[in-house]
Protein chains: 2
Amino acid sequence: MNSRLLIIHIMDKGVDMTGQSPAREPRKAHTTQPPCPAQQPPLAQPVQGAQVVARIALLLRLVGRNPSGTPLAEIVRDSGLTRPTVHRLLTSLAAEGLLDHDAVRHTWHYGPEVFVMGTVAAACYPIEELARPSLVRLAEETGESAFLSIRRGAETVCLLREEGSFPIRSFVLHEGVRFPLGVASAGMAILAYLPDAEVDALLADTGLGETETIAARWGAQHSPASIRANLERTRVTGYAVNPGLILEGSWGMGAAIFDRSGRPGWALSLTGIEPRFKPERQKVLGQLLLDEASRVTQILQRPPLT
Amino acid sequence: MNSRLLIIHIMDKGVDMTGQSPAREPRKAHTTQPPCPAQQPPLAQPVQGAQVVARIALLLRLVGRNPSGTPLAEIVRDSGLTRPTVHRLLTSLAAEGLLDHDAVRHTWHYGPEVFVMGTVAAACYPIEELARPSLVRLAEETGESAFLSIRRGAETVCLLREEGSFPIRSFVLHEGVRFPLGVASAGMAILAYLPDAEVDALLADTGLGETETIAARWGAQHSPASIRANLERTRVTGYAVNPGLILEGSWGMGAAIFDRSGRPGWALSLTGIEPRFKPERQKVLGQLLLDEASRVTQILQRPPLT
DNA sequence: GTGCCGATGTCCATAAGATGGACTCCACAG
DNA sequence: CTGTGGAGTCCATCTTATGGACATCGGCAC
């Protein structure tokens with residue numbers, strides 16, 4: 001389960017070696033530029049009068065990347081907040097049951113209250129039950145691991161994972177992992193079916209600094225041009241292919257699911273190693289993905305619930 | 001749904017007519033007594049330096065009571081906070097995707113982010129899949145509605161609901177509803193298997209004021225004595241019976257589920273109308289509940305998962 | 001129509017409360 | 001033993017949340 005950590009590490013150590021600013025300093029962000037909308041690339045607007053809420057939400061999102069627990073230092077680093085602040089907020093969240101603190105391993109995870117709230121919320125978001133059968137079928141028929149991701153603002157979040165039978169499995173993707181739209185096949189599949197204007201907006205402003213571009217974080221293979229090229233390919237076939245762009249040799253394919261208003265809000269995807277994604281098989285896998293995505297979409301269209 | 005809420009109601013309506021301070025003033029609480037452990041009777045300790053976190057958690061819990069949406073006024077009333085504060089916090093939470101604001105109906109619900117986080121958390125709390133089959137069986141075999149509740153501090157929270165076929169159904173209990181331990185059959189079943197010391201603590205201090213007792217909120221049939229009497233009955237049979245104590249004619253029965261350390265952390269329960277809970281049938285239903293609770297308990301005991 | 005009521009939503013001066021620099025403590029490696 | 005890196009704690013400072021007061025909206029009675 002720490003293979004994931006690995007990736008984080010790799011990325012932290014390697015990709016970010018843009019050279020400049022060895023000591024991070026984004027934490028001063030909130031002190032000076034009140035009109036500045038983007039301190040972090042989350043999904044929130046400026047908002048007035050409750051920055052703590054933004055911080056808490058940020059921390060909750062960060063903790064969520066690792067269901068198996070995240071150490072304080074990692075959260076401090078990735079949040080850009082100071083250690084005392086993060087520690088205090090995490091402690092308070094834990095006191096409320098929203099987080100849990102593993103005192104032995106010094107890690108933080110989601111607490112029972114999050115689970116409880118999520119279960120309640122799940123009553124309003126029935127995607128889970130709707131998509132699980134599709135995931136199972138995909139995993140069984142292909143042998144690869146199958147995933148459901150949801151769009152959240154400019155990101156996708158991996159919600160469900162269904163393991164395939166193939167003995168070599170990638171752990172780049174698992175529950176809670178977030179990617180910007182355009183990175184990973186799920187985000188690519190979703191992005192491909194958003195209106196052009198939104199695509200432009202999403203690919204253009206990644207905050208303010210040019211250091212914050214997707215490419216800076218995820219490598220040159222995620223330059224706007226590369227992403228747009230892949231978008232075109234995705235629009236032609238209907239499904240997205242990620243040819244090892246995140247981790248060499250780790251391929252993925254995805255297809256979008258559309259909500260009642262016709263917008264792509266989720267995606268099904270498959271991941272595996274490169275030899276399992278030869279061109280001929282891509283067509284097969286792509287069709288399977290499209291079939292299942294279409295099935296889920298149709299179920300979603302149907303009920304006028306509420 | 002903390003007992004705390006109650007007080008607010010009481011105060012607003014009548015009890016606080018002690019003459020002094022018609023305007024509520026419990027909000028000064030945090031300013032003076034730092035060592036005082038009980039400012040609010042939720043599940044949290046004093047905590048230092050992040051009262052906003054407590055407020056946010058409180059609001060999230062309150063919103064969760066009603067998956068279908070809660071108006072601002074209700075949250076303001078039950079939280080004891082001022083309207084501007086509640087409004088600002090809710091707005092901020094909505095901006096983060098943790099809540100959703102129905103601008104037409106002026107109601108607040110859980111947002112997609114809560115659902116996402118919950119789904120991630122669910123990977124660590126597999127009770128859902130473990131218990132669902134039991135709920136389905138219970139609902140099918142009895143015709144009543146079946147529920148899974150979880151213990152959260154001094155409360156139970158209803159997590160899952162499975163409708164029965166019987167055409168008259170009670171909606172006292174549904175996803176997100178919270179009761180103090182000792183109220184409703186699920187909480188009674190759990191309370192009955194907690195150590196005596198804990199039971200005493202839970203039944204004794206319901207905060208600080210004597211106006212905050214469970215009985216004050218849930219009626220004299222929930223006096224400590226009555227609860228203890230019911231506890232005894234529960235310990236004899238193994239299952240709890242709620243003979244319409246919350247709502248006349250709305251009966252319930254529950255059985256506890258035990259975690260790996262042998263503590264009662266969840267409960268299965270059935271609800272229905274009084275004629276369906278005649279003594280002979282109680283035995284049948286009770287046995288079914290015990291069987292299913294035991295089954296879930298055994299599954300929980302088994303895996304040494306991380 | 002008009003006026004009342006209860007609700008939501010907004011503003012901004014105030015002071016309450018969150019912040020983070022600096023410190024301690026602990027575990028582990030060399 | 002000393003050095004390094006991380007977790008956790010403290011408290012003076014000043015940023016940030018607070019809530020009283022106001023604006024607005026929609027429904028309802030007359």
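Numbers restart at 1 for each chain; the letters A, B, ... are given by sequence-line order, proteins then strands. Both backbone and side-chain heavy atoms feed into the values below; hydrogens, waters and symmetry mates do not.
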Sorted by chain and number, sequence neighbours left out, ring-ring contact (aromatic ring centres under 6.0 Å, His included) with A:F179 holds for A:W218
In whole angstroms, the gap separating P of D:dG20 from CG of B:L81 amounts to 12 Å
(Q) Taking only side-chain N and O atoms of B:R55, does any of them lie within less than 4.0 angstrom of OP1 or OP2 on C:dA16? (A) no
The side chain to side chain donor-acceptor pair (under 3.5 Å) partners of A:D259 (sequence neighbours excluded) come to A:S261
Rounded to whole Å, the CG-P distance (A:L90 to C:dG20) equals 14 Å
B:I56 CD1 to D:dT18 C1', in whole Å, measures 14 Å
List every contact pair, protein side and nucleotides 4-9 of chain C side both N or O, where the distance is under 3.5 Å.
unit_1	atom_1	unit_2	atom_2	d
C:dT8	OP1	B:L72	N	3.0
C:dT8	OP1	B:A73	N	2.9
C:dT8	OP2	B:A73	N	3.4
C:dT8	O3'	B:H106	ND1	3.1
C:dG9	OP1	B:H101	NE2	3.2
C:dG9	OP1	B:H106	ND1	3.3
C:dG9	OP2	B:H87	NE2	3.4
C:dG9	O5'	B:H87	NE2	3.4

Salt-bridged, B:R152 to A:E96, with N to O below 4.0 Å? no
Applying ring-ring contact (aromatic ring centres under 6.0 Å, His included) to B:H174 and not counting sequence neighbours gives none
Q. Can you tell me if the side-chain N/O atoms of B:R88 get under 4.0 Å from OP1 or OP2 in D:dT18?
A. yes
A:I75 atom CD1 is separated from D:dG8 atom C1', nearest whole Å, by 14 Å
Sequence neighbours excluded, the answer for salt bridge (charged side-chain N to carboxylate O under 4.0 Å, His left out) partners of A:R161 is A:E163
Sequence neighbours excluded, the answer for side chain to side chain donor-acceptor pair (under 3.5 Å) partners of B:T70 is none
Check this one for me: any side-chain N or O of B:T82 less than 4.0 Å away from OP1 or OP2 of D:dT18? no
